[in-house]
Amino acid sequence: MIPSSYYLILSAVLFAIGVIGVLVRRNAIVIFMCIEMMLSAVNLTLIAASHYLNSLDGVMMVFFVMTVAAAEAAVGLAIFVLLFRGRKTIKADEINLLKW
Amino acid sequence: MELAFFVILAVIAVIAAAGVVLSKKAATSALFLLLNFCTLAGLYILLNAQFIAVAQVIIYAGAVVVLFLFVVMLLSPGQEEGQDRKPYAKIFAVFLAVLMLVEAGYVVFTGVLGGTPGQYTPEKIAEVGNVQAIGQVLFTDFLLPFELASILLLVGIVGAVVLAKREL
């Protein structure tokens with residue numbers, strides 16, 4: 001039986017790599033990919049907890065997190081397409097109209 | 001045996017995650033993300049969540065990553081990643097992430113995975129099968145979130161189409 005801490009540490013590592021990606025990359029699409037990776041790491045935590053506690057609540061939460069993540073990916077990428085049409089760039093540093 | 005599978009899948013998942021962050025081109029990042037999602041599906045099978053593993057491959061690897069690849073191909077084939085952020089910003093980001101990782105590690109190793117254990121042991125789930133067990137819980141205890149999720153998907157579809165149309 002694999003100890004539960006292995007899965008939780010793996011999920012924390014994946015989440016941390018996602019955080020680094022969000023903070024370091026400048027291409028807005030890659031930032032969004034790293035956000036999806038963070039969501040997926042949290043899914044791993046929920047499923048591990050659900051397995052080690054003999055419950056299906058974690059599995060249900062993952063079901064809904066996947067639904068929300070898919071809807072968010074669709075709308076977010078539509079926003080990127082619109083942004084590119086307007087600003088002709090997707091580098092996060094150059095989309096700075098709200099900067100004062 | 002299980003441990004061997006876990007170690008292989010975990011190492012591939014971490015390497016793929018590093019590949020997402022470190023690759024020069026956005027398309028390579030999308031392919032590493034695909035690898036990451038597929039190894040996570042393997043880990044879900046180890047955790048006796050076969051339905052979620054297949055759903056992960058279908059939804060995440062099959063729809064979300066394809067969507068990302070479409071948008072990457074449409075929007076930025078030629079843009080070089082060029083000047084990255086300044087080195088001090090990268091070091092600070094890595095430091096913050098390592099700090100968060102140390103915090104999470106401390107909590108995991110000195111805490112207890114608490115909470116009252118439920119009744120759905122793997123044997124009980126294996127009696128009716130994973131899909132039926134999830135369906136039974138979904139349509140009785142989680143009916144309201146299920147209906148709200150369907151409305152959310154409808155809003156997402158309409159929103160994506162309205163946002164990306166040339167003229168309404």
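Here is how names work: the chains are called A, B, and so on, in the same order as the sequence lines, proteins then strands, and each is numbered from 1. Side chains included, hydrogens not; waters and symmetry mates left out as well; all remaining heavy atoms used. No experiment lies behind these values; they were computed from the predicted model shown.
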Review point. What part of B/A49 lies closer than 4.5 angstrom to a heavy atom of chain A: side chain, backbone, both or neither?
Key: side chain

Point to revise | Contact winner vs chain A - B/G105, B/A93, B/A17, heavy-atom pairs under 4.5 Å | key: B/A17

Check your understanding: Is a side-chain N or O of B/T110 found less than 3.5 angstrom from the main chain of B/Y106, in a donor-acceptor match?
Key -> yes

**Study point:** Region of A/L44 in contact with chain B, defined by heavy-atom distances below 4.5 Å
**Key:** both

Practice item. Sort B/F92 into side chain, backbone, both or neither according to what part of it lies under 4.5 angstrom from a heavy atom of chain A. Key: neither

Check your understanding: Between B/A13, B/A63, B/A10, which has the largest tally of heavy atom pairs under 4.5 Å with chain A?
Key -> B/A10

Review point. Among A/I47, A/I9, A/V81, A/N54, which residue forms the greatest number of heavy-atom pairs with chain B at distances under 4.5 Å?
Key: A/N54

Practice item. Give, as side chain, backbone, both or neither, the part of A/S4 having an atom under 4.5 angstrom from any heavy atom of chain B. Key: side chain

Check your understanding: What part of B/Y60 is in contact with chain A, defined as an atom under 4.5 angstrom from a non-hydrogen atom: side chain, backbone, both or neither?
Key -> side chain

Study note, to complete from the structure: Interface check, chain B: of A/V59, A/L82, A/L77, A/I79, most non-hydrogen pairs under 4.5 Å belong to A/L77

Check your understanding: Under 4.5 Å between side-chain heavy atoms, hopping through other hydrophobics if needed: is there a path connecting A/F64 to A/V75?
Key -> no

Point to revise | Which portion of B/A16 sits near chain A, non-hydrogen atoms under 4.5 angstrom | key: neither

Review point. So if you build clusters from Ile, Leu, Val, Met, Phe, Trp, Tyr with side-chain heavy-atom gaps below 4.5 Å, do A/F80 and B/L163 land together?
Key: no

Check your understanding: Tell me, side chain or backbone of B/I134 under 4.5 Å from chain A's heavy atoms, or both, or neither?
Key -> both

Review point. Between B/A18, B/A133, B/A160, B/G159, which has the largest tally of heavy atom pairs under 4.5 Å with chain A?
Key: B/A160

**Study point:** Which portion of A/M60 sits near chain B, non-hydrogen atoms under 4.5 angstrom
**Key:** side chain

Exercise for review: Please determine, among B/L96, B/I59, B/L101, the option with the most heavy-atom pairs under 4.5 Å with chain A.
Suggested key: B/L101

Practice item. Compare every heavy atom of B/A27 with every heavy atom of B/M73, then report the nearest pair and how far apart it is. Key: CE-CB, 3.7 Å

Point to revise | Part of A/L14 within contact of chain B (heavy atom distance under 4.5 Å) | key: side chain

Review point. Within a strict 4.5 Å, meaning less than it, do heavy atoms of the A/E72 and A/E36 side chains meet?
Key: yes

Point to revise | With B/V65, the side-chain contact (heavy atoms from CB on, under 4.5 Å) member among B/L34, B/L35, B/N36, B/L31 | key: B/L34

Practice item. Give, as side chain, backbone, both or neither, the part of B/E103 having an atom under 4.5 angstrom from any heavy atom of chain A. Key: neither

Check your understanding: Would you find a donor on one side and an acceptor on the other, under 3.5 Å apart, between the side chain of A/S5 and the backbone of B/V108?
Key -> no

Point to revise | Same apolar cluster: B/I45 and B/M1, side chain cutoff 4.5 Å | key: no

Practice item. Let me know if B/L40 has heavy atoms under 4.5 Å from chain A in its side chain, its backbone, both or neither. Key: side chain

Study note, to complete from the structure: Honestly, the part of B/F51 sitting under 4.5 Å from a heavy atom of chain A is side chain

Practice item. For atom CZ of B/F6, decide whether the heavy atoms of other residues, nucleotides or ligands shown that lie under 6.0 angstrom number more than 12. Key: yes

Practice item. Flag yes if more than 12 heavy atoms outside B/M100 fall under 6.0 Å of its CE atom; otherwise flag no. Key: yes

Review point. Which atom names give the shortest non-hydrogen contact between A/G58 and A/S50, and what distance separates them?
Key: CA-CB, 3.7 Å

Practice item. Return yes if some donor-acceptor pair links the side-chain N/O of B/S23 with the main-chain N/O of B/G19 below 3.5 Å, else return no. Key: yes

Review point. Relative to chain B, which of A/Y7, A/F32, A/F63 shows the most heavy atom pairs under 4.5 Å?
Key: A/Y7

**Study point:** A/T67 side chain to B/A149 backbone, donor-acceptor under 3.5 Å
**Key:** no

Check your understanding: Under a 4.5 Å cut-off applied to non-hydrogen side-chain atoms, are A/Y52 and B/L47 in contact?
Key -> yes

Review point. Under a 4.5 Å cut-off applied to non-hydrogen side-chain atoms, are B/Q56 and A/S40 in contact?
Key: yes

**Study point:** Heavy-atom closest pair, residues A/V42 and A/S11
**Key:** N-OG, 4.4 Å

Practice item. Enumerate by number any residue of residues 150-157 of chain B whose heavy atoms lie under 4.5 Å from heavy atoms of chain A; in the absence of such residues, state 'none'. Key: B/L152, B/L153, B/G156

Review point. Pick from B/A104, B/P145, B/A55: which one has the most heavy-atom pairs with chain A under 4.5 Å?
Key: B/P145

Check your understanding: Measuring heavy-atom distances to chain A, does B/L3 have an atom under 4.5 Å in its side chain, in its backbone, in both, or in neither?
Key -> both

Point to revise | Which atom of A/N43 lies closest to which atom of A/V62, heavy atoms considered | key: O-CG2, 3.6 Å

Review point. Relative to chain B, which segment of A/L10 carries a heavy atom at a distance below 4.5 Å: side chain, backbone, both, or neither?
Key: side chain

Review point. Considering only heavy atoms, which portion of B/F68 lies under 4.5 Å from any heavy atom of chain A: side chain, backbone, both, or neither?
Key: both

